[in-house]
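Letters A, B, ... mirror the listed sequences (proteins, then strands); counts begin at 1. Computed from a predicted structure; not experimentally measured.
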There are 2 protein chains.
Amino acid sequence: MSGSDQLSAVFSALADPTRRAILAELADRDATVTELTAPLPISMPAVSRHLKALERAGLISRTRSGKLRMSRIEAAPLREAAEWIERYRRLWDTSLTRLDAHLAAVQAAGRATDQTAHDPAIPDRKSPDKAHDKEN
Amino acid sequence: MSGSDQLSAVFSALADPTRRAILAELADRDATVTELTAPLPISMPAVSRHLKALERAGLISRTRSGKLRMSRIEAAPLREAAEWIERYRRLWDTSLTRLDAHLAAVQAAGRATDQTAHDPAIPDRKSPDKAHDKEN
DNA sequence: ACTACATTTAACGTGTTGGTTAAGTGACTG
DNA sequence: CAGTCACTTAACCAACACGTTAAATGTAGT
């Protein structure tokens, strides 16, 4: 299961610090392979392969101009990735999560006529909206 | 360079569709390994290892309760990941990018000494704000 | 103590990743 | 047309990821 879908490719590309560094570089300006290699501690073939991975993820595009090959950032796929992550935004806020847990605790307490936690080790949370699909 | 930093671990965890499915499941409610395995087409040991990866990335926490082990989503690291991606938000909009490219082309045309590309086929872009650090 | 259940660890196969160096390709240059 | 520059591809290697089945671990119930 080598994650051949778009989202997997994007996250996979982003998982490598070198590739993130390359993207950061390309956010400022288009660059050649040589230029991208310069600040990095790895060989040019290695960079070339990183660029191939980024291209496969749709995160860059490349155009040949003479003997130079320019890489340009193509940030659109990042949007998709960000949107996937955004689905969990409500869970980022700890207080919200705790409120959620609290509501679940109260609800459970209502069933048991006991206000204290039923099982303190595993307070169950109940999600307010179930608008999640399992996967995409 | 197996990406041992936090951000790499998070993106790496997110790169796997199965792990994203597990996170989607856990967004709704805490669950045991058995519960998480049920809808998946893989064995329980495989799921157990995925959970280990998610835990390593800080995306879930686990508590033992009797013979059950509950997994709970811990979405805070997602915030960090989203924030990293957000740095490229301005590049998502194609029209913005094209305007940027145009401005850079004009600027490059006014410049004579240039060791980077000045090929008209590949207009170099210059970012309006350079508030990017190379890597974190 | 024996048994059942939930989960992890071990051992293994296989594919992928990320690096290397050396050789190949394509475009400009003298 | 030979040489050089910019890059890619090939061949190789070590490490890791992801799956399996079988065995080990830990907890609960009888």
Measure the distance from CG on Asp16(A) to C1' on dA17(D) and round it to the nearest whole Å.
15 Å
Protein-nucleotide distance (Arg20(A), atom CZ; dG18(C), atom P), rounded to Å:
12 Å
Rounded to whole angstrom units, what separation is found between the CZ atom of Arg62(B) and the P atom of dA6(C)?
16 Å
Nearest whole Å is fine: how far is dA17(D) P from Leu54(B) CG?
13 Å
Specify the separation, in whole Å, of atom CG of Leu40(B) and atom P of dG19(D).
9 Å
Do Leu14(B) and Ile85(A) have side-chain heavy atoms sitting under 4.5 Å apart?
yes
Quick one: what's the B/S/- string for nucleotides 20-30 of chain D, heavy-atom cutoff under 4.0 Å, read 5' to 3'?
BBB----SS--
I need the CG-P distance between Leu36(A) and dT8(D), as an integer number of Å.
10 Å
Residue among Glu35(A), Arg62(A), Glu55(A) satisfying side chain to side chain contact (heavy atoms under 4.5 Å, CB included) with Ser71(A)
Arg62(A)
At less than 4.0 Å, is any side-chain N or O atom of Ser48(B) found next to OP1 or OP2 of dT7(C)? Yes or no.
no
Mind calculating the distance between CZ (Phe11(A)) and C1' (dA17(D)) to the nearest angstrom?
18 Å
Is the shortest side-chain heavy-atom distance between Leu51(A) and Arg69(A) below 4.5 Å?
no
Would you say the side-chain atoms of Ser8(B) pair up with the backbone N or O of Asp16(A), donor to acceptor, closer than 3.5 Å?
no
Within the 4.5 Å heavy-atom criterion, are Thr32(A) and Met70(A) side-chain neighbours or not?
yes
Side-chain N,O (His50(A)) to OP1/OP2 (dG19(C)) below 4.0 Å
yes
The criterion is side-chain contact (heavy atoms from CB on, under 4.5 Å); which residues satisfy it with Glu86(A), sequence neighbours excluded?
Arg89(A), Trp92(A), Ala82(B), Glu86(B)
I need the CD-P distance between Glu55(B) and dT9(C), as an integer number of Å.
10 Å
Can Arg87(B) and Glu83(B) be counted as an ion pair, charged N to O under 4.0 angstrom?
no
Looking at the side chain of Arg69(B), which of dT8(C), dA6(D), dA6(C) is the nearest nucleotide?
dT8(C)
